[in-house]
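Every heavy atom of this structure was used, including side-chain atoms; hydrogens, water molecules and symmetry mates were not.
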Amino acid sequence: MSSNSKETDGDSSAPRRNSKKPKYSRFTQQELPACKPILTPGWVIATFIVVGVVFIPIGLASLFASQRVVEIVDHYDSDCVPANFSNNKLGFIQSRETNKTCTRNIIVPKKMKGPVYIYYQLDNFYQNHRRYVKSRSDKQLRSKAYEHDTSTCDPEGTLPHDIPIVPCGLIAWSLFNDTYGFFVDNQSIDVSKKNIAWKSDKDKKFGKDIFPKNFQSGSLIGGAKLNESIPLSEQEDLIVWMRTAALPNFRKLYGRIERDLDVDTKITVVIQNNYNTYSFGGKKKLVLSTTSWIGGKNDFLGIAYLTVGSLCLFLAVCFIVVYVVKPRPLGDPSFLSWNRNPSGHPN
């Protein structure tokens, strides 16, 4: 008896092995309540019908709103080159001796209720190129304290002797510099440039104490010049341009005409054709457009809603026909693989 008790005591005093068994919880054991819907034919058909009934009216409303938008697009870059420079467009735009003034006439096809938005459109301009996007200094744009922070702005960061360029970088250097003047019956139309940039950009990304300095003062001029007496937070053309586009064809807001334009009104546009798109095969367009509750003219959203809604209704009808013509009981065990004979028929 004594020997058995000693063995028992010895076993109880021996260290126990650590168990790898996880601590019990309803989460680790997957015992939490869960929703497990059963997709019966009735539920599937009803879901398709609801989606179709909701999407089709939205698509029709979006398409109707887009059709009501009046848009005028004038592709002017080729027509604004004199005939004697038709084979040397690059020489024309780079020369300081040529007259860049161009006059265009636009007829309003439908009444355009104000405000009428003015855009410039550039095609084949890759603002999303990695080196181009990185060539800027957000710190410099926000505060005068970082005026010399130009390390990310190459090749337009500094002048000789490390004199900083403000704003620095390729994005600012290539600022769009074509200008537009609008006339009706020889009377000038005012173009408002107030609040054409995002308020968040003006308040948070561009400082009120930082002013342009040494901008476009090098040997190679890339685009527009800036007024050195106006802080960057009020240079709205620059702020709009600095928000780079994701695609090579894009529009940027130039200004607004705060009045109605009647049908068949003849608008004379005086263009200063300064911006060089000829060196990379780009295109320039002037766009006048009204807006609706979905924004500018864009048929894609309405067509997408109509397509999805129509497809859902079509599938709902197909499922109804199949369910009526060839019904089968829900959860029929005869269709399970182990209830079928080798020929594939139910036992």
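Here Tyr24 contributes atom OH and Gln29 contributes atom CD; the two are 6.5 Å apart, rounded to the nearest 0.5 Å. From Ile118, atom CD1 reaches atom CD1 of Ile257 across 4.0 Å, with rounding to the nearest 0.5 Å. Taken to the nearest 0.5 Å, the CG atom of Leu170 stands 7.5 Å off from the CZ atom of Arg131. The CD1 atom of Ile230 lies 15.0 Å from the NZ atom of Lys208; values are rounded to the nearest 0.5 Å. In this structure, CD1 on Ile106 lies 6.5 Å from CZ on Phe182, to the nearest 0.5 angstrom. To the nearest 0.5 Å, the span separating CG on Asp237 from CG on Asn227 amounts to 12.0 Å.
The main-chain N or O of Val70 is found under 3.5 Å from a side-chain atom of Thr290 such that the two form a donor-acceptor pair. Side chain of Thr244 to backbone of Asn128: no donor-acceptor contact under 3.5 angstrom is found. Between the side chain of Thr150 and the backbone N or O of Cys153, no donor-acceptor pair lies under 3.5 Å. Checking side-chain atoms of Thr307 against main-chain N and O of Ile303 turns up a donor-acceptor pair under 3.5 Å. Between the side chain of Ser135 and the backbone N or O of Asp154, at least one donor-acceptor pair lies under 3.5 Å. Under a 3.5 Å cut-off, the side chain of Asn298 and the backbone N or O of Phe300 do form a donor-acceptor pair. A donor-acceptor pair under 3.5 Å is absent between the side-chain atoms of Gln127 and the main chain of Val133, judged by distance alone. In this structure, Asn274 contributes its side chain and Asp178 its backbone to no donor-acceptor pair below 3.5 Å. The closest donor-acceptor contact from the side chain of Lys284 to the backbone of Tyr275 lies under 3.5 Å.
Side-chain atoms of Gln121 and Asp123 include a donor-acceptor pair closer than 3.5 Å. Using modelled atom types and a 3.5 Å distance limit, the side chains of Tyr132 and Ser174 yield a donor-acceptor pair. Between the side chains of Tyr119 and Glu71, not a single donor N or O lies within less than 3.5 Å of an accepting N or O.
Annotation: side chain of Tyr254 is not in contact with side chain of Ile196 (no heavy-atom distance under 4.5 Å). Side-chain contact check for Val166 versus Asn214: every heavy-atom pair is 4.5 Å or farther apart. Looking at Tyr120 and Tyr180, their side chains come closer than 4.5 Å, going by heavy atoms from C-beta outward. Side-chain contact check for Asn276 versus Leu90: some heavy-atom pair is nearer than 4.5 Å. Using a 4.5 Å cut-off on side-chain heavy atoms (C-beta onward), Asp74 and Val269 make no contact. A heavy-atom distance below 4.5 Å is not found between the side chains of Ser292 and Arg68. Taking 4.5 Å as the limit, every side-chain heavy atom of Asp201 sits out of range of all side-chain heavy atoms of Met242.
For the side chain to side chain donor-acceptor pair (under 3.5 Å) with Gln272, the qualifying choice from Asn99, Thr101, Thr179, Asn177 is Thr101, the only one to do so. Screening Arg256, Lys202, Lys193, Arg243 for a salt bridge (charged side-chain N to carboxylate O under 4.0 Å, His left out) involving Glu236 leaves a single residue, Lys202. When each of Arg136, Gln140, Glu156 is tested with Cys168 by the rule side chain to side chain contact (heavy atoms under 4.5 Å, CB included), just one qualifies, namely Gln140.
What you find for Ser137 and Asp149 is that their closest heavy atoms are OG-O, 2.8 Å. Between Leu226 and Pro167, the closest heavy-atom pair is CD1-CD, 3.8 Å. The shortest non-hydrogen separation linking Pro164 to Thr158 is CA-CG2, 4.2 Å. The heavy-atom pair separating Asn249 from Asn124 by the smallest distance is OD1-N, 2.9 Å. Contact between Gly295 and Val69 at its shortest, heavy atoms only, is O-CG2, 4.0 Å. Minimum interatomic distance between Tyr278 and Asp77 (heavy atoms only, all atoms of both residues): OH-O, 2.7 Å.
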*Test salt bridge (Lys or Arg N to Asp or Glu O under 4.0 Å) applied to Asp203 and Lys199, step by step*: CA-CA 6 Å; Asp203 295 343; Lys199 188 177 185 301; 2.7 Å; yes

_Residue pair Val108, Val263: steps toward the side chain to side chain contact (heavy atoms under 4.5 Å, CB included) verdict_ = CA-CA 5 Å; Val108 178; Val263 62; 5.5 Å; no

_Steps toward side chain to side chain contact (heavy atoms under 4.5 Å, CB included) verdict (Leu313, Ile56)_ = CA-CA 10 Å; Leu313 287 183; Ile56 288 178; 3.4 Å; yes

_Working for side chain to side chain contact (heavy atoms under 4.5 Å, CB included), residues Lys225 and Leu175_ = CA-CA 8 Å; Lys225 296 186 177 182; Leu175 175 61; over 6 Å; no

*Report the C-alpha separation of Leu261 and Ile267 in whole Å, then their side-chain angles, then the decisive distance to 0.1 Å, and conclude whether the side chain to side chain contact (heavy atoms under 4.5 Å, CB included) test is met.*
CA-CA 9 Å; Leu261 297 176; Ile267 304 175; 3.7 Å; yes

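Asp185 CG: 12 or fewer foreign heavy atoms inside a 6.0 Å radius. In this structure, Lys283 places its NZ atom where only 12 or fewer heavy-atom neighbours from other residues, nucleotides or ligands lie under 6.0 Å away. In Lys252, the NZ atom is crowded: over 12 heavy atoms of neighbouring residues, nucleotides or ligands sit closer than 6.0 Å. More than 12 heavy atoms of other residues, nucleotides or ligands sit less than 6.0 Å from atom CZ of Phe85.
With Phe92 as the aromatic partner, Lys100 meets the cation-pi criteria of under 6.0 angstrom to the ring centre and within 45 degrees of the ring axis.
Screening residues 200-219 for ring pair (Phe, Tyr, Trp, His ring centres under 6.0 Å) gives no qualifying pairs among residues at least two apart or on separate chains.
Every residue two or more places apart in sequence or in another chain was checked for a disulfide (SG to SG under 2.5 Å) with Cys312, and none qualifies. Applying the ring pair (Phe, Tyr, Trp, His ring centres under 6.0 Å) test to Phe48 and every residue at least two apart in sequence or in another chain returns Phe319.
In terms of hydrophobic clustering, with Ile, Leu, Val, Met, Phe, Trp and Tyr side chains grouped at heavy-atom distances under 4.5 Å, Ile165 and Trp241 are assigned to a common cluster. The hydrophobic cluster containing Phe55 also contains Leu301, counting ILVMFWY residues as joined when their side-chain heavy atoms lie under 4.5 angstrom apart, directly or transitively.
Ring geometry for Phe250 against Phe125 counts as perpendicular: the plane angle is over 60°, on a 0 to 90° scale with 30° as the lower cut.
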